[in-house]
S.K.: 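Below you will find the structure I want to go over with you.
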There are 2 protein chains.
Amino acid sequence: MEEIDRRIVTLLATDGRMSFTDLAKETGLSVSAVHQRVRRLEKRGVIRGYAALVDYDEIGLPLTAFVSIKPIDPSAPDDAPERLSHLTAIEACHSVAGDESYILKVRVASPLALEELLQQIRASANVSTRTTVVLSTPYDYRSPVIEKELGGDVTG
Amino acid sequence: MEEIDRRIVTLLATDGRMSFTDLAKETGLSVSAVHQRVRRLEKRGVIRGYAALVDYDEIGLPLTAFVSIKPIDPSAPDDAPERLSHLTAIEACHSVAGDESYILKVRVASPLALEELLQQIRASANVSTRTTVVLSTPYDYRSPVIEKELGGDVTG
DNA sequence: TCTGAAAGGCATACAAA
DNA sequence: TTTGTATGCCTTTCAGA
């Protein structure tokens, strides 16, 4: 029951365009039952959306870096994520524990573009930056192995 | 022409399940022309696949962390990615410039699970670890804004 | 929550330009 | 590389249990 939802999410995480017909075959349910379950998973927010996974080298953004940021003025309100969200080179923004406040993952075309981006980050959010350049990516976006208990109602 | 491919990739990066019919409407091409272009983009590796984006809180993996690793024995061959790939909690592995050799992104159920994972990482790859816990994620998996020149044959 | 049926829409292949 | 057509499959909805 809950087991089938895990299976569906795993299958779609691996192949986001899998058809309902194939999902039905894999789960042993009817097509319409799978259909309802997927729609419910989408509505509950378990599935947040679907994306094509892109090769960043191929689309002209071969340079990836992690940029850790720290506020210049620690007493100022921390609205860095909103201040930075207009910079489309930023793929992700994580608030983190530790010496620095956020880790950004960025994708740019060149070292020069990275330099310009760092200036924009510093200026937009009034932060200092520490940058770690990615040399290669053995793997990324691996599909999760889903825990047995879905949702927040874990009692065990 | 190349412009249309950028558009198609952008649309599919944002909605990985968009139909060819809708892609055709958005690009002004016929359905079969879009179909061929998507298949070509997949074959060229510009589109590497499709994935459902999952809410990690909802699937029982609410704790995200970045784990930087450094070999204990720097003279030993560096095969950390292969040695670690069996650990499914590791979502991504990036080789990086700087003091440490790799940055791992991991997803676990709890602090205890993180502790156990770190032990497995250290044992599997003979490395020391430095862990940065993610407190919240303002945004992640944002779709790229694609450069005008696709592929490696940039002449301008 | 499931199944099965009915509808319309969509994917895919193909001929032609 | 494109368009249009054709066929069959798939998605989606609905009734019923």
Side-chain angles (χ1 to χ4, degrees), chain A residues 1-55 58-60 143 146-156, chain B residues 1-55 58-60 143 146-156:
Chain A
M1 191 102 134
E2 209 57 91
E3 172 69 30
I4 295 177
D5 280 343
R6 287 173 56 206
R7 190 84 173 281
I8 290 172
V9 173
T10 301
L11 288 165
L12 284 174
T14 305
D15 178 5
R17 282 183 83 94
M18 183 175 281
S19 69
F20 291 102
T21 306
D22 285 347
L23 287 170
K25 283 174 194 161
E26 294 283 343
T27 56
L29 286 181
S30 69
V31 173
S32 30
V34 169
H35 190 268
Q36 279 179 275
R37 275 170 181 269
V38 171
R39 292 293 177 247
R40 198 187 330 123
L41 289 165
E42 290 168 354
K43 206 165 191 174
R44 277 176 55 195
V46 179
I47 294 173
R48 294 174 52 189
Y50 302 89
L53 300 179
V54 155
D55 186 314
E58 291 286 338
I59 63 169
S143 300
I146 297 168
E147 300 285 294
K148 277 179 189 139
E149 305 294 334
L150 283 183
D153 47 13
V154 180
T155 50
Chain B
M1 191 103 133
E2 209 55 272
E3 171 69 29
I4 295 176
D5 280 343
R6 286 173 57 205
R7 190 83 171 282
I8 290 172
V9 173
T10 300
L11 287 164
L12 285 174
T14 306
D15 177 6
R17 280 184 86 93
M18 184 175 281
S19 69
F20 291 102
T21 307
D22 285 347
L23 287 171
K25 283 174 194 160
E26 294 283 342
T27 56
L29 286 181
S30 68
V31 173
S32 27
V34 169
H35 190 269
Q36 278 180 272
R37 275 171 180 267
V38 171
R39 292 293 177 248
R40 198 186 331 123
L41 288 164
E42 290 169 355
K43 209 165 191 175
R44 277 177 54 196
V46 179
I47 294 173
R48 295 173 51 187
Y50 302 88
L53 299 180
V54 155
D55 186 315
E58 291 286 337
I59 63 169
S143 301
I146 297 168
E147 300 284 295
K148 277 178 188 141
E149 305 294 332
L150 284 183
D153 46 13
V154 179
T155 50

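Here is the naming used below: chain letters follow the sequence lines, and residue numbers restart at 1 for every chain. Predicted, not measured: the structure shown is a model, and the values here were computed from it.
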S.K.: Indicate yes or no: at least one non-hydrogen side-chain atom of B:L12 is less than 4.5 angstrom from one of B:Y50.
M.R.: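 Answer yes - side chains close enough.
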S.K.: Could you check how far CD of B:Q36 sits from P of C:dA11, rounded to whole Å?
M.R.: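 The answer, rounded to whole Å, is 15 Å.
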S.K.: Taking the side chain of B:R39 as its heavy atoms from C-beta onward, which of C:dT12, D:dT13, D:dT2 lies nearest to it?
M.R.: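 The answer is C:dT12.
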S.K.: Would you mind reading off the distance between B:F20 atom CZ and D:dT11 atom P, rounded to a whole angstrom?
M.R.: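 From B:F20 CZ to D:dT11 P: 13 Å.
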S.K.: Using both pair distances under 3.5 Å as the test, note the stems of at least 3 consecutive Watson-Crick or G-U pairs that include DNA chain C.
M.R.: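 When the pairs of DNA chain C are grouped into runs of at least three, the stems are C:1-6 with D:12-17, C:8-17 with D:1-10.
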S.K.: Rounded to the nearest angstrom, tell me the gap between atom NE2 in A:H35 and atom C1' in D:dC14.
M.R.: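 Taking NE2 of A:H35 and C1' of D:dC14, I get 12 Å after rounding.
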S.K.: Of the listed nucleotides (D:dT3, C:dT1, D:dT11), which one gets closest to any side-chain atom of B:A33?
M.R.: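 Taking heavy atoms from C-beta onward, the closest nucleotide is D:dT3.
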S.K.: Under 6.0 Å from the six-membered ring centre of B:F20 and within 45° of its axis: does the NZ or CZ of B:R39 meet both?
M.R.: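 Pair B:R39/B:F20 does not count as cation-pi.
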S.K.: Quick check: closest heavy atoms across B:K148 and B:E2, and the distance to 0.1 Å?
M.R.: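 For B:K148 versus B:E2, the nearest heavy atoms are O-CG, 4.4 Å.
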S.K.: Quantified in whole Å, what is the P atom distance between nucleotide C:dT12 and nucleotide D:dT12?
M.R.: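 My reading of the P atoms in C:dT12 and D:dT12 gives 15 Å.
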S.K.: Could you work out which one of C:dA13, D:dT12, C:dA11 sits closest to the side chain of B:S32?
M.R.: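 Of C:dA13, D:dT12, C:dA11, C:dA13 is nearest to the side chain of B:S32.
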S.K.: Whole Å only: how far is the CG atom of A:L41 from the P atom of C:dT1?
M.R.: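 That distance rounds to 11 Å.
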S.K.: Starting the side chain at C-beta, find the nucleotide from C:dT1, D:dT11, D:dT3 nearest to A:V31.
M.R.: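 Nearest to the side-chain atoms of A:V31, counting from C-beta on, is D:dT11.
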S.K.: Look at the side chain of A:R37 and decide which nucleotide, out of C:dA11, C:dT1, D:dT11, has an atom nearest to it.
M.R.: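 It is C:dT1.
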S.K.: Could you say whether B:L29 or A:K25 is positioned toward the 5' end of DNA chain D, judged by the nucleotide with the nearest heavy atom to each?
M.R.: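 Nearest-nucleotide comparison on DNA chain D picks B:L29.
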S.K.: Return the value, rounded to whole Å, for the distance between atom CG of B:L23 and atom P of C:dG9.
M.R.: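 The distance from CG of B:L23 to P of C:dG9 comes to 18 Å, rounded to the nearest Å.
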S.K.: B:S19 near the nucleic acid: base, sugar-phosphate alone, or nothing, with a heavy-atom cut-off under 4.0 Å?
M.R.: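 If one applies the 4.0 Å heavy-atom cut-off, B:S19 turns out to touch the sugar-phosphate alone, with no base involved.
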S.K.: Just how far, in rounded Å, is C1' of D:dT11 from CZ of B:R17?
M.R.: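 Spelled out: CZ on B:R17 to C1' on D:dT11 is 10 Å.
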S.K.: Closest approach to the side chain of B:R40, judged atom by atom: which nucleotide of D:dT3, D:dT1, C:dT3 is it?
M.R.: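 Of the candidates, D:dT1 comes closest.
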S.K.: Could you check how far CZ of A:R44 sits from C1' of C:dT1, rounded to whole Å?
M.R.: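 It is 14 Å, rounded to the nearest whole Å.
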S.K.: Among the candidates D:dC10, C:dT3, D:dT12, find the nucleotide nearest to the side-chain atoms of A:T21.
M.R.: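 Output: D:dC10.
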S.K.: With a 3.5 Å distance limit and no angle check, can you tell me whether B:R17 reaches the backbone of A:M18 through a side-chain donor-acceptor pair?
M.R.: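 Pair found, side chain donor or acceptor close to backbone of A:M18.
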S.K.: Shortest non-hydrogen contact from B:R7 to B:E26?
M.R.: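 Result for this residue pair: NH2-O, 3.1 Å.
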S.K.: Any side-chain heavy atom of B:V54 within less than 4.5 Å of one from A:R48?
M.R.: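 Not touching, per the 4.5 Å side-chain cut-off.
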S.K.: Using every non-hydrogen atom in the two residues, find where A:S143 and A:A13 come nearest and quote the distance to one decimal.
M.R.: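 Here A:S143 and A:A13 meet closest at OG-O, 3.2 Å.
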S.K.: Starting at atom CE of A:M18, determine the distance to atom C1' of D:dT11, rounded to an integer number of angstrom.
M.R.: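 After rounding, the reported distance stands at 16 Å.
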S.K.: Take atom C1' in D:dA17 and the same atom in C:dA7, then report the distance between them in whole Å.
M.R.: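 My reading of the C1' atoms in D:dA17 and C:dA7 gives 22 Å.
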S.K.: Looking only at heavy atoms, which two atoms of A:V34 and A:A24 are closest? And how far apart?
M.R.: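 Scanning both residues completely, I find the closest heavy atoms to be CG2-CA, 3.6 Å.
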